[in-house]
4 protein chains.
Amino acid sequence: MAGTRQRNKDKLPVIIDAAKAVFARNGFYNSQISKIAKQAGVADGTIYLYFRNKEEILVRLFEHQVGSYILSLKEQLKQLDDARQRLSYIVDQHLQILEEDPDLARVFQLELRQPIAEIRKGIAPILHQYFQIIEDTVCLGQQQGYFDSELSAKLIRKIIFGSIDEVATSWVFSQKNYSLTSQAAQLIRVIFRGISK
Amino acid sequence: MAGTRQRNKDKLPVIIDAAKAVFARNGFYNSQISKIAKQAGVADGTIYLYFRNKEEILVRLFEHQVGSYILSLKEQLKQLDDARQRLSYIVDQHLQILEEDPDLARVFQLELRQPIAEIRKGIAPILHQYFQIIEDTVCLGQQQGYFDSELSAKLIRKIIFGSIDEVATSWVFSQKNYSLTSQAAQLIRVIFRGISK
Amino acid sequence: MAGTRQRNKDKLPVIIDAAKAVFARNGFYNSQISKIAKQAGVADGTIYLYFRNKEEILVRLFEHQVGSYILSLKEQLKQLDDARQRLSYIVDQHLQILEEDPDLARVFQLELRQPIAEIRKGIAPILHQYFQIIEDTVCLGQQQGYFDSELSAKLIRKIIFGSIDEVATSWVFSQKNYSLTSQAAQLIRVIFRGISK
Amino acid sequence: MAGTRQRNKDKLPVIIDAAKAVFARNGFYNSQISKIAKQAGVADGTIYLYFRNKEEILVRLFEHQVGSYILSLKEQLKQLDDARQRLSYIVDQHLQILEEDPDLARVFQLELRQPIAEIRKGIAPILHQYFQIIEDTVCLGQQQGYFDSELSAKLIRKIIFGSIDEVATSWVFSQKNYSLTSQAAQLIRVIFRGISK
DNA sequence: AATGAATGAGGATTCATTCAT
DNA sequence: AATGAATGAATCCTCATTCAT
């Protein structure tokens with residue numbers, strides 16, 4: 001009804017979704033702009049109406065997905081008073097999101113690790129927001145007397161994020177013949193024991 | 001004595017060292033073969049007498065460093081009976097090696113994460129040897145009654161490696177105005193608590 | 001009127017003509033893509049919008065010239081009933097085309113003889129069409145009772161084509177201080193005598 | 001008895017034979033010096049004690065084979081008084097030599113056609129000796145009253161050589177499921193008819 | 001004479017990006 | 001806004017050749 005062409009603002013998410021699929025399938029370096037454009041059903045040049053360059057697609061894909069996730073995460077965490085519940089929720093959701101979207105998992109765990117300054121810098125702000133949420137939760141837990149106050153919240157964040165990240169990466173490399181979220185319970189147990197008073 | 005041409009044999013380590021420095025300074029993609037050759041004091045073509053292609057340099061650099069490290073690590077671990085001491089030693093050494101060689105740290109924590117199949121596959125065997133050492137140590141600790149036997153050794157390995165790795169990566173990204181090894185004690189403490197009975 | 005960028009469509013013949021001139025002047029191996037592009041007034045990369053690789057330029061140059069020649073040749077031959085007239089026309093035209101376009105002659109007689117599989121295979125279909133025309137004409141002449149039916153048409157074709165080809169190649173190597181077509185009459189006389197009843 | 005190494009002067013023919021085999025198997029451009037050296041059982045550098053460069057190998061291979069053939073050919077021709085017998089012998093032998101040595105045939109009919117000035121110029125003197133033999137024979141035939149004196153001996157030579165050459169090349173390209181020499185009789189018949197009075 | 005490790009020039013090709021339409 | 005033909009920079013790798021041994 002709306003005509004054969006998409007209306008214009010609709011193209012941004014279309015391109016981002018296309019990029020996610022193409023990056024997941026071919027890797028960043030082997031994902032030519034022309035492939036992404038074809039997958040999105042637009043012309044090569046159209047990509048550049050929405051993105052400055054190829055790196056920005058990866059960065060904005062990250063922002064798009066993680067940015068909105070962080071908003072909803074913050075909302076959810078507000079509902080929970082206990083820092084232990086909050087942390088548990090964070091770990092659970094992190095793994096669940098990746099498990100639900102294998103393309104996203106592949107892009108986040110592998111392709112986003114490009115040692116390209118522009119990409120590293122681009123995702124840093126959002127990533128640090130996420131880090132901050134974890135650190136804040138840890139601090140809350142320390143204030144609530146659940147977590148050991150002698151431990152640096154920043155170090156704990158690294159441990160938590162590093163653990164989740166490695167579990168997720170292993171899963172991406174595996175044949176995915178096991179559930180990622182099934183690892184959440186044990187992972188949380190170890191973390192809690194590790195940082196509790 | 002010194003002819004215009006270097007004598008053969010000892011070019012391999014020279015090239016590997018040169019590659020480490022150049023990769024650390026410029027990143028893998030911006031490290032042209034000609035740059036590495038110049039740094040090593042050899043001709044471009046000479047590189048290809050020792051390596052099939054650019055990717056192999058990175059892989060062999062990893063093998064070279066980690067391979068020999070694993071050998072000495074195994075020797076050292078034999079000296080220690082207590083799995084807790086062993087694990088402690090592993091974490092300590094891991095961080096120490098990276099701290100002592102910032103170029104190596106940069107290459108390992110950033111450049112080696114290339115989502116290039118050839119590189120991923122190339123480093124996998126050595127990396128898995130290292131993983132195995134950690135898992136074996138964990139299992140030993142479980143047998144010795146120190147670590148919780150209900151936890152999967154593989155999961156624990158992921159937590160341990162993931163934590164170390166994230167701590168190291170953060171350090172590389174930082175201005176390195178703090179000591180990496182100084183984090184070892186707290187890190188080990190958290191891990192031990194997390195996995196103890 | 002003329003923008004800075006050429007409009008599309010008519011670049012193919014421009015590139016083919018440029019390639020013919022550059023190949024004739026420098027030989028295939030010494031004709032870098034950049035030379036051809038410069039001669040054609042396009043960018044290096046533009047060549048690859050029209051050709052898969054350098055070899056294909058040579059093949060398509062052959063197809064382009066010979067393909068259309070074969071079409072017109074077939075038309076002309078239809079006008080002639082007598083196989084002797086036809087054969088005479090074939091020889092005449094063959095030499096005339098080369099003489100009229102020395103660049104083409106050089107490319108056909110020398111550069112196209114590259115012992116490169118891709119080139120050999122690429123020109124084979126067209127070349128065999130030409131061979132077929134000669135053989136058909138010979139057969140017709142045998143049916144018309146002009147040519148000796150005991151001789152293999154295929155062998156006669158080899159003799160005819162081989163003779164023309166050698167005459168042409170000699171001319172290309174020479175200073176071209178004699179007319180190529182001037183040899184046609186004697187050549188045809190020898191051939192006719194050779195294959196007549 | 002003579003030791004494991006060949007005595008020195010023996011290496012020239014060994015290298016030439018190796019080159020012939022390697023060129024025939026891989027083509028000139030894909031026949032790296034190292035391949036030829038390996039096939040000959042010598043070091044790469046040794047090749048350059050006998051040949052100035054790669055092109056010269058091809059040229060000297062030609063000289064080696066054709067030079068000695070021309071000597072023996074001249075001897076044989078002296079035995080024959082009749083120009084027709086002589087010409088017949090030339091054609092026969094030409095085809096026979098190629099049929100007996102498929103590697104040689106491949107190198108002569110394909111690889112030697114390199115449009116490389118150094119090669120073209122290198123083989124020219126020997127090739128022209130051969131051409132001269134044919135032309136001399138034709139002239140003799142004209143003097144003996146067998147061949148039409150109104151035809152240019154040079155043109156006849158081109159027809160004769162071109163025909164043989166095309167027959168030979170076709171055979172090399174074919175699966176060689178037919179005898180090359182079996183074509184000699186018909187070929188000679190056509191030629192004789194073509195140039196007779 | 002023989003070796004073979006070392007040299008280094010050279011170029012086809014890709015693909016992110018532009019811009020006339 | 002959308003197109004997609006055109007651009008052209010940028011580099012890995014090969015391999016003929018050299019020369020210290």
Side-chain angles (χ1 to χ4, degrees), chain A residues 5-11 29-38 41-57, chain B residues 1-9 11 29-38 41-55 57, chain C residues 2-9 11 29-38 41-57, chain D residues 5-11 29-38 41-57:
Chain A
R5 286 201 187 170
Q6 301 259 347
R7 273 188 294 103
N8 77 37
K9 269 301 161 194
D10 292 324
K11 290 209 168 121
Y29 262 94
N30 203 29
S31 292
Q32 293 81 350
I33 291 291
S34 57
K35 265 188 198 157
I36 297 171
K38 186 173 226 177
V42 301
D44 292 17
T46 305
I47 304 274
Y48 288 86
L49 298 174
Y50 295 89
F51 302 92
R52 257 196 318 275
N53 54 39
K54 192 178 162 184
E55 284 72 28
E56 213 203 2
I57 302 176
Chain B
M1 262 208 212
T4 46
R5 287 195 186 182
Q6 300 250 355
R7 268 198 247 75
N8 61 344
K9 271 305 174 197
K11 292 227 166 75
Y29 263 96
N30 203 30
S31 292
Q32 294 82 348
I33 290 291
S34 57
K35 266 187 197 157
I36 298 172
K38 186 174 236 178
V42 302
D44 292 18
T46 304
I47 305 273
Y48 290 88
L49 295 177
Y50 296 89
F51 303 91
R52 257 196 315 276
N53 53 39
K54 196 177 158 184
E55 283 73 29
I57 302 177
Chain C
T4 46
R5 288 196 185 180
Q6 299 249 354
R7 269 199 246 73
N8 62 344
K9 272 306 174 198
K11 292 228 166 76
Y29 264 96
N30 202 30
S31 291
Q32 294 83 348
I33 291 292
S34 57
K35 266 187 198 158
I36 298 172
K38 184 173 238 178
V42 301
D44 291 18
T46 304
I47 304 274
Y48 290 87
L49 295 176
Y50 297 89
F51 302 92
R52 256 195 316 275
N53 53 40
K54 196 177 157 184
E55 283 72 30
E56 214 202 4
I57 303 177
Chain D
R5 287 197 185 173
Q6 301 259 347
R7 274 190 291 103
N8 78 37
K9 269 301 164 194
D10 295 321
K11 290 210 168 119
Y29 263 95
N30 203 29
S31 293
Q32 294 81 351
I33 291 290
S34 57
K35 264 188 198 157
I36 297 172
K38 185 173 228 179
V42 302
D44 292 19
T46 306
I47 304 274
Y48 288 86
L49 297 174
Y50 295 89
F51 301 92
R52 258 197 317 275
N53 53 39
K54 192 178 162 184
E55 284 72 28
E56 214 204 2
I57 302 177

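Basis for what follows: all heavy atoms, side chains included, without hydrogens, waters or symmetry-related copies. Convention: sequence-line order gives letters A, B, ...; per-chain numbering from 1.
You'll find that the side chain of Val42(B) is closest to dT7(E), out of dT7(E), dT18(E), dT7(F). Closest to the Thr46(C) side chain, of the nucleotides dA6(F), dA16(E), dG8(E), is dA6(F).
At the phosphate of dC15(E), neither OP1 nor OP2 sits under 4.0 Å from any side-chain N or O atom of Lys54(A). Using a 4.0 Å cut-off, no side-chain N or O of Tyr50(B) falls inside it from OP1 or OP2 of dA5(E). Between Tyr29(A) and dT14(E) there is no side-chain N or O to OP1 or OP2 distance below 4.0 Å.
What separates CD1 of Ile57(D) from C1' of dC15(F) is a distance of 13 Å, to the nearest Å. The nearest whole Å value for the distance from the CG atom in Asp44(D) to the P atom in dT17(F) is 12 Å. With rounding to whole Å, Gln32(D) atom CD is found 21 Å from dT7(E) atom P. Protein atom CZ of Phe51(C) is 15 Å distant from nucleotide atom P of dA12(E), rounded to whole Å. Counting to the nearest Å, the C1' atom of dT17(F) and the NZ atom of Lys35(D) are 18 Å from each other. When the P atom of dT7(E) is taken as reference, atom CG of Leu49(B) falls 8 Å away, rounded to whole Å. What separates CD1 of Ile36(A) from P of dC15(E) is a distance of 12 Å, to the nearest Å. Rounded to an integer number of Å, the gap from Glu55(A) CD to dC15(E) C1' is 12 Å.
Counting any heavy atom pair closer than 4.0 Å across all strands shown, Ile33(B) reaches sugar-phosphate atoms only and no base atom.
Of all the heavy atoms in Tyr48(A) and Asn53(A), the pair that sits closest is CE2-CA, 4.0 Å. The two residues Ser34(D) and Asp44(D) have their closest heavy-atom pair at CB-OD2, 3.4 Å. In terms of heavy atoms, Arg52(D) sits closest to Glu56(D) at N-OE1, 2.5 Å. The two residues Lys11(A) and Tyr50(A) have their closest heavy-atom pair at CB-OH, 3.5 Å.
If you find the closest nucleotide of DNA chain E to Gly41(D) and to Arg52(A), the one lying nearer the 5' end belongs to Gly41(D).
From Ile36(D), atom CD1 reaches atom CD1 of Ile57(D) across 4.5 Å, with rounding to the nearest 0.5 Å.
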Task: Step-by-step side chain to side chain contact (heavy atoms under 4.5 Å, CB included) determination, Ile33(D) to Lys35(D) - done: CA-CA 5 Å; Ile33(D) 291 290; Lys35(D) 264 188 198 157; over 6 Å; no
TODO: Treat a base pair as Watson-Crick or G-U wobble with both distances under 3.5 Å, then lay out DNA chain F in dot-bracket form, 5' to 3', with | for cross-strand pairs.
DONE: .||||||||||||||||||||
